[in-house]
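Reviewing the structure listed below.
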Amino acid sequence: KQKTAYEIRNCDWSSDVCSSDLATINWTNTNTTIGLAASGTGSIASFNTINNTSGQQVATLTVTSTLNGCVSAPQTMRIVVNSRPQISVSSASVCAGDSATLTVTGTADSYSWSPATGLSSTTGAVVKAAPGSTTTYTVTATFNGTNCQNTAQGTVTIKPKPSMSATSSNPIDRKSTRLNSSHSSV
């Protein structure tokens, strides 16, 4: 039997139910870009939130339940998905003993670099790196208000410097001086 509007409005939701009574949960979502479907029945399964924008994404979930033909008053909740910093880091190749500048592209409130080896600083969007060998650096960018983070990597590749030696078969005769050049791989 279908319930009248009066019967639906006056359902007693605080009453006990018996085992085997069928209660149905229905839900809707106002913003599917967060990674959750537009609607469903039953429990909301776990999902990975998504926000590919630079601001917040807000979804309102509305849940109702139906028992014995009576529909509950809707219950709502908001899900706010904050964005992560969208960043990238430059890489560089330098000769052994030289330094490179690593620069973060993108915006965040704070930056933390690791490993610290060869870095002029472990904080900031721009750091100088002079590692002894090729090193990949990771920067963690943070929005302080939400503590949302993202990471990116940049590599400083070290190129070997050539070595030179000068020899002369006759130290008095400067016209016969020979220069030899060689390099070793690092």
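Residue pairs meeting the side chain to side chain donor-acceptor pair (under 3.5 Å) criterion with at least one member in residues 102-118, sequence neighbours excluded: Ser110-Asn144. Applying the side chain to side chain donor-acceptor pair (under 3.5 Å) test to residues at least two apart or on different chains, the pairs with a partner in residues 149-158 are Thr136-Thr155, Thr138-Gln153, Thr142-Gln149.
Annotation for Val156 and Ala129: closest pair CG2-CB, 3.9 Å, computed over non-hydrogen atoms. Taking both residues in full, the closest heavy atoms of Ala152 and Val89 are given as CB-CG2, 3.7 Å, listed atom of the first, atom of the second, then distance. Here the closest non-hydrogen pair linking Ala37 and Thr32 is C-CG2, 3.9 Å. Of all heavy-atom pairs spanning Ala141 and Pro85, the tightest one is O-CG, 3.5 Å. For the pair Ser83 and Cys148, the tightest heavy-atom approach, listed with the atom from each and the gap, is O-CB, 3.3 Å. Nearest approach of Pro74 to Thr64, heavy atoms of both residues: CA-CG2, 3.7 Å.
Counting heavy atoms from C-beta outward, Ile34 and Ile50 have side chains that stay 4.5 Å or more apart. Between Asn82 and Phe143, the closest side-chain pair of non-hydrogen atoms is not below 4.5 Å. Taking the side chain as every heavy atom from C-beta outward, Tyr137 and Leu119 approach each other to under 4.5 Å. Annotation: side chain of Lys161 is in contact with side chain of Asp98 (closest heavy-atom distance under 4.5 Å). Between Leu61 and Leu36, some side-chain heavy-atom pair lies under the 4.5 Å cut-off.
Between the side chain of Ser43 and the backbone N or O of Ala45, no donor-acceptor pair lies under 3.5 Å. Using modelled atom types, one side-chain atom of Ser72 and one backbone atom of Ser65 make a donor-acceptor pair closer than 3.5 Å. Under a 3.5 Å cut-off, the side chain of Gln57 and the backbone N or O of Gly55 do not form any donor-acceptor pair. Of the possible polar contacts, none joining the Ser99 side chain to the Ala130 backbone as a donor-acceptor pair under 3.5 Å is found. Using a distance-only test at 3.5 Å, with no hydrogens or angles considered, no donor-acceptor pair links the side chain of Thr53 to the main chain of Asn51.
Atom CZ of Arg78 and atom CG of Asn31 lie 11.5 Å apart (nearest 0.5 Å). A distance of 7.0 Å separates OG1 of Thr135 from CD1 of Ile158, quoted to the nearest 0.5 Å.
Ile79 and Trp27 end up in the same hydrophobic cluster when Ile, Leu, Val, Met, Phe, Trp and Tyr side chains are linked at under 4.5 Å. A chain of hydrophobic side-chain contacts below 4.5 Å, direct or via other Ile, Leu, Val, Met, Phe, Trp or Tyr residues, connects Val81 to Ile44. A single hydrophobic cluster is not seen to contain both Val58 and Phe47; linkage of ILVMFWY side chains at heavy-atom distances under 4.5 Å, directly or through other members, places them apart.
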